[in-house]
Structures are given as C-alpha cells and as structure tokens.
Amino acid sequence: MAELMIVELSKLKPGRIFYSGRLYVVEVIGSASKARPWDTPPGTTKGCLTLSRKSVLAQFYPVLEHAIVLPLLKRSDFLAERHPTAYGFETEKEARLAAQLDSDLVAGSGLSLQKMHRLAAWVLGDGANPYRIYHYRQSRFAEAEYATFCAKHKCVECAWPDEQTEHWKFLFDSNIELPQEPQGGAKRVKK
C-alpha cells in the first residue's frame, strides 16, 4: 500500500478521501471547494469543510487546508498471492463500512460491491471473481455457506490490522495521532 501523506487539499480531485479527525470526501473543487463527511450522501451540508481560505464557502464552513489523504487502491491490493482475501467482522455495520471504504478507494477499476445474504458478507468483485470478502457473524448456516464460498474461490483468510488494510484504522481507531501540518509540500506519516 502507498505511504500515507499530508497534502494540500485544494489540489485534490473530487472523490478523493482524506482524514482529519474523521473521514471526508472531496465533493467540489475550485472557488467553491467543499468536502463532506465520507459516510454522508452527496449534497450534504452538515459537517462539511472548505478546502481553501480563498473559497467562497469559507464564510460558511470551517477551512481545512492540509490533511492525511488515503491512497487510491488497485485490484491487486485486494489479493494475496493472486487469491481473494477474506476478513471477518463482528457486525454487519463494520463489514459494510470497510467494504464501502475499499470500494470508494478503488473507484474506476471495474470492481463493485455486492451484499451476499446467504454468506453474511459483502463481496468486492468484478462480477465474475471476488477480490475481497467482508464477512460478519450471523448464523450457522451463513458460516457454512461462507466457508464453502471461501474454499471454492481459494480465499486467503486475513486478520485486520495488516498491511493491506492499514487505511481501515481511520474507520475503527479513535486514537490516531495526527502529525503537524507541513510548512511546505507533503509530509510523510509514520504508520
């Protein structure tokens, strides 16, 4: 996975996700630059930020000019030795959040999310092949179906945190230490 860095937010394109106490997604750039909380629908106004003091929205929203930007992911980031990866979660909500974040970070790759009720899982795949499975506890039947699915697709069972899922800490870890804003250019973040 790419190294996390603090960057100037006004240079990001719409759809990029960054972290500053919570996850945000860039919605608009230019003179009306705006970012909304990541887990809210497009057009949300509550909790939004503007990305530049020069933005016309700076009088309405807090200004945030630098933050940790999450890297864009590739299909191969979801595989272990060319096999799909599988992660287990306690709740459906945790599984959905991790799956949605991964899906948003791999946008434009042809991968999409599908909820598979019989497996008690979300599956990120290309329609023919799974790339990552986000399983949550539900029933014995679902556990058996999940085990069969994983065996059929030769899934590699993984445990979070690992180097493929470091970005999930921004969803699940409330004790993230943020480095100081850079004086000029980008700054690396220690993992």
Between [X] (side chain) and [Y] (backbone), is there a donor-acceptor pair under 3.5 Å?
X    : Y    : result
R53  : A58  : no
R96  : Q100 : no
S55  : S31  : yes
W38  : I17  : no
E92  : A120 : no
T44  : K46  : no
D77  : K74  : yes
E145 : F141 : no

Minimum-distance pair of heavy atoms, taken over all atoms of G47 and Y24:
O-CE2, 3.4 Å
Taking every heavy atom of Q164 against every heavy atom of C158, the minimum-distance pair comes out as OE1-SG, 4.4 Å
Just checking, is any N or O donor in the side chain of [X] or [Y] under 3.5 Å from an acceptor N or O on the other one?
X    : Y    : result
D102 : Y131 : no
H117 : Q138 : no
S10  : S33  : no
T85  : R132 : yes

So F172 and W168, would you call those rings parallel, tilted or perpendicular, with 30° and 60° as cut-offs?
perpendicular
Please determine whether the number of non-hydrogen atoms from other residues, nucleotides or ligands lying under 6.0 Å from atom NZ of K115 exceeds 12.
yes
